[in-house]
Amino acid sequence: MRPKLEPILKEELDAIHLATLKVLENVGVKFPDETALRILEDYGAKIEYNGQIAYISEAMLKDALKKLPEKPILCARNPKNDIQLAAGQTYFCPSSLGAYMYDLDSGERRTSTTEDLVKFARIEDALRNFHIAQVCVMPCDVPEMLADHYRFEAEFSNTTKHVIHLVAPGTTPEGARDHVRMATCIAGSEDNLRRSPLFSIIEEPISPLQYDANGLRVLMEYARAGIPIMLYDVTLAGATAPVTVAGQLVQKNAEILAGIVLTQATNPGNISVYGSAAGIMDLVTGISSLGALERALISIGVVQLAHYYHIPSIPAAMNTEASLPGSRTVFEKITQTLPVIFAAPDIVLGGGTFDSANTYSIEQLVLDEEMLSGLARILRGFEVNEDTLAVEVIKKVGIGGNFIGERHTLKHVRTEQWFPTLYTRSKEPEKVLDLATIGEKDLIKAARDKAKRILATHQPESLDRDVRKEIAQIITEARKKMSNS
Amino acid sequence: MTLEDIVEKLALSVAEGDEDRVKQVANEIIQRNLDPAIAIDKGLTKGILTVGERWTRGEAFITEVIIVANAFKVGLEVLEPKLKEKGGKLKTVGRFLIGTVQGDIHDIGKNIVGAMLRAAGFDVRDLGVDVPRDKFVEEAKQFNTDIIGLSSLLTTSMPEQRNVIEAFKQANLRDKVKVMVGGTSVTNEWVQEIEADARGVDALDAVKKAKALLGR
């Protein structure tokens, strides 16, 4: 038994698909870059050069989908951490791009720095339920153009997991080439990197229905090097997308599929992943909400649409607007994450975040990993076979006995039961009776202690010293070039 | 096989919870007329303490401890009569008489605590469920117990814990035994009210408090 949620009917998916085609063919998508428009034109798109709009036909879409690789693998510095997509497994990866974080020692909210990148990367390397790494924060102590250089350096040096990288807005096509060179230092050659991509990137359309010029150029740069491209809308229902879930799905589907067509036209056979960080605008307060509970529904739609097109999927979840760890954080994170996990996505992106992904904390990353490990237990379901049906042991224990001391219990307890790492289920009634001392404060402290323990003891498998030097050299050159221009 | 080897084998068999092998090795020890005191101390007790310590550190399941405690009991049934025959005495952390009070037939919590106490080196006598107060008094005398443990899950049977303590007072035995109480509804206030000595919040806590009461 494995929980599986596929609530959208085939005819409903067909209807979303047909509506999407209407949008792609009649409204089009804006690609404000000459090269992108030419590539799409060569691929069969009708182009309106004045408005920089590409009209994409069903035939183009079908062709692009045919080019997707059958067995996409996201490779890792340590092959043990390779991620096989489209294989029925669900993997977890932290969220990213916060400029703020809570300091692990002082607890104060402050802008994040390059030092923090290393800490996040090391913690992520140690946490088993994050199968893929992505440093949660942006370094605010380096030029924006080079932020991703430092993020990659921290990730490549401090974790052997595959790296997903939500591209920072300051990254230029030249910067993207640098990132590919950095990964090439590890892979040994560009061909190796193309065959075994050590990182993936996430690019976002600017909803509704357009990409930005720099983002497009960066996307094509990575695609030419064979880097997996994950496309991710941040449509806000009621503001940058229709308020109806179905309408939001139609629009975001058009945006993502158009990006996939461009990716496959640029580099046929490139790994494409169907993502979404869609949320809502709260039309009472005007707040852009990534903690929205509606995400539970939107994300199921995202995953089912990705399955419909046979594209691997990466919905975002584990988000909240709340600005601190606590009840609301857990409420929003769990509500939007549990259903989408049951929809069987390839990757769920999320973890470490508050404040609609503006603020992060290492404690929350640890807390989220604990939650994900629990959710993963539910997702694993249970087996039904002669041994698990347990008739023999039911007979043996008989009426009125108990199963605590049975071999059958011992044999299965590890796989059947989930055990927390941040608390024990030991009973402490004195504390329960005293509201001031229970619960969240203890849990956050446990998470902080665990994080500090990891930072003090966990040594990530180190990167070859010459490779480190080469990577550092690429950054030094980029800095020089920047100050000269 | 030397005495050391065979005793080590006994310890291992207990730690693995292998009742059949424990019985077989214990019988071999009797047949070869080896010292039962050493066999119990360095074999049975060592085997059960290993798993007890792992459980205390959160590294073992209660299930393992109970399986091991059962194997320990099987071994003790073979070796203890021989020990007594030779005039020896069981070396223990303390003697603990445990039972579910009259009016209550819940025994899972009590069984777990009993097994955990055994795993911590206590000599445990378990009177079962629905135990009348006089039986607690009689058995306490006979067993010369250090502590009695009164289990009660139901709030309706909790007053019986007080009755048992009264019975010990009347038999002039209250100052000779420590009284521990346990059960979901039992609180610290209740412990004070009925003048018990301690309460085990859970099995781990019960073992800790029992040791503390005896100054261990």
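Sequence lines set the chain letters: A, B, ... in the order given, protein chains first and strands last, and positions in each chain run from 1.
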message = Can you confirm whether the side chains of Thr100(B) and Asp107(B) place a donor and an acceptor under 3.5 Å from each other?
response = no

query = Considering only heavy atoms, which portion of Ile112(B) lies under 4.5 Å from any heavy atom of chain A: side chain, backbone, both, or neither?
reply =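 For Ile112(B), the contact with chain A is made by the side chain alone.
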
ask   = Between Asn111(B) and chain A, which part of the residue has a heavy atom less than 4.5 Å away: side chain, backbone, both or neither?
value =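 When you check distances to chain A, only side chain atoms of Asn111(B) fall under 4.5 Å.
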
task = Look at the aromatic rings of Tyr91(A) and His131(A) and report parallel, tilted or perpendicular, splitting at 30° and 60°.
result = perpendicular

ask   = Do NZ/NE/NH1/NH2 and the carboxylate oxygens of Glu392(A) and Lys396(A) come within less than 4.0 Å?
value = no

ask   = Are any of the side-chain nitrogens in Asp105(A) or Lys452(A) under 4.0 Å away from the carboxylate oxygens of its partner?
value = yes

task = List the steps and the verdict of salt bridge (charged side-chain N to carboxylate O under 4.0 Å, His left out) for Arg133(B) and Glu166(B).
result = CA-CA 9 Å; Arg133(B) 61 198 84 150; Glu166(B) 288 306 316; over 6 Å; no

Any Thr160(A) side-chain heavy atom under 4.5 Å of Asp125(A) side chain = yes

task = Count the heavy-atom pairs under 4.5 Å between each of Val65(B), Ile67(B), Ile62(B) and chain A, then report the option with the highest count.
result =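 If we count pairs closer than 4.5 Å to chain A, Ile67(B) comes out on top.
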
note = Among residues 397-419 of chain A, those lying within the under-4.5 Å heavy-atom range of chain B are Asn402(A), Ile404(A), Gly405(A), Glu406(A), Arg407(A), Thr409(A), Leu410(A), Val413(A), Arg414(A), Phe419(A)

ask   = Among Ile148(B), Leu150(B), Val101(B), which residue meets the side chain to side chain contact (heavy atoms under 4.5 Å, CB included) test with Val181(B)?
value =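 Of Ile148(B), Leu150(B), Val101(B), side chain to side chain contact (heavy atoms under 4.5 Å, CB included) with Val181(B) is met by Leu150(B) alone.
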
